Amino acid sequence: MAHEMIATEVQGAVALIRLNRPQALNALCDQLMRELGEQLLAYDADPAIGAIVLTGNEKAFAAGADIKEMQGRTYPDVLEDDFIAKWETITRIRKPVIAAVAGFALGGGCELAMMCDIILAADTAKFGQPEINLGVIPGAGGTQRLTRQVGKSKAMEMILSARFMDAAEAERANLVSRVVPAADLLDEAMKLAARIAALSPVAVAIAKLSVNRSYEVTLAEGVRFERSVFMPLFGTADQREGMAAFAEKRKPRFARR
Ligand code: CAA
């Protein structure tokens, strides 16, 4: 698959996707988002891949949707095209997607990171939803996901005033799982992805599904859902291998299909 705006590589069972439009701070134009969606679906369908890392460059994870591309669009245009709907491919990926964020993650860039399963941040990361400066609001889930992540007051402040959050604040606010020195970001993300990719692919996919369900339903329904997906895991070879390995004091070997 030839792509111009993303660069990819595979290391073992981990796929790395780099947003690669540095001259525009990785602004998320239609072509970039199409390429990203296609590549994510391809890795999701590839049994050799166990986890995906999504990153940008030192200066920007992504500075948002492409303002110059959106500038001339009218309401009927966006109503008909619904370009943001195409961004949601990432939310349908069953394998874990780790966002490794350095520099700016603004607007759609922050929203894209929040659509990933884990955000690892470099100490240089800056998160923000500055759409209000452009006379619009976040359109790729920012008002919803940011509010669930950091709470109403901080989400309101960021969305209404366009204030950026640095990496330390993002960690305190639980927007990111942890902050690492910028020089170590990719290594840490790849190590984390490799660790996940070595585990039971079925258990990992079901764990992701179950955590994500917690965003959609009540606690009681979520707990019922968890039990309903926990029990079938006892029908898998991975459960037999994982528990046998524990009992035999050895490392489990989980097969990729
Ligand atoms: N869209 C298109 N181009 C962008 C861009 C964006 N979101 N962000 C940066 N660029 C371009 C700039 O226009 C500039 O291009 P030229 O050299 O051709 O002029 C290049 O990237 C470098 O940017 P700057 O010169 O502005 O770099 P800086 O270091 O001075 O500033 C910045 C960095 C503060 C991130 C600034 O670029 C900025 O404010 N960017 C826009 C951030 C933003 O508003 N994002 C929200 C977009 S709307 C959205 O995302 C909607 C949604 O919810 C889906």
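The structure displayed is predicted, hence computed values, not measured ones. All values below come from the heavy atoms of this structure, side chains included, with hydrogens, waters and symmetry mates left out. Counting convention: from 1, in listed order, for ligands and their atoms alike.
- No side-chain donor-acceptor contact under 3.5 Å links E131 to the backbone of V136.
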Show the distances, to 0.1 Å, for all pairs joining an N/O atom of ligand 1 and a protein N/O atom that are shorter than 3.5 Å, listing one pair per line.
from	atom 1	to	atom 2	distance (Å)
ligand 1	1 (N)	A65	O	3.4
ligand 1	1 (N)	I67	N	2.9
ligand 1	7 (N)	A63	O	3.1
ligand 1	7 (N)	A65	O	2.9
ligand 1	13 (O)	K68	NZ	2.9
ligand 1	15 (O)	K68	NZ	3.4
ligand 1	18 (O)	K68	NZ	3.4
ligand 1	29 (O)	K59	NZ	2.8
ligand 1	45 (N)	A63	O	2.9
ligand 1	50 (O)	A65	N	2.9
ligand 1	50 (O)	G108	N	2.8
ligand 1	53 (O)	E111	OE1	2.7
ligand 1	53 (O)	E131	OE2	2.6
ligand 1	53 (O)	G139	N	2.9

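- Atom CZ of R250 is surrounded by more than 12 heavy atoms from other residues, nucleotides or ligands within 6.0 Å.
- Formation of a donor-acceptor pair under 3.5 Å by the R213 side chain with backbone atoms of E221 is not found in this model.
- When atom types are taken as modelled, the side chain of E171 and the backbone of R178 share no donor-acceptor pair closer than 3.5 angstrom.
- One finds a salt bridge joining R163 and E169 here, because a Lys/Arg side-chain nitrogen approaches an Asp/Glu carboxylate oxygen to under 4.0 Å.
- Side-chain atoms of D44 do not come within 3.5 Å of backbone N or O of L41 as any donor-acceptor pair.
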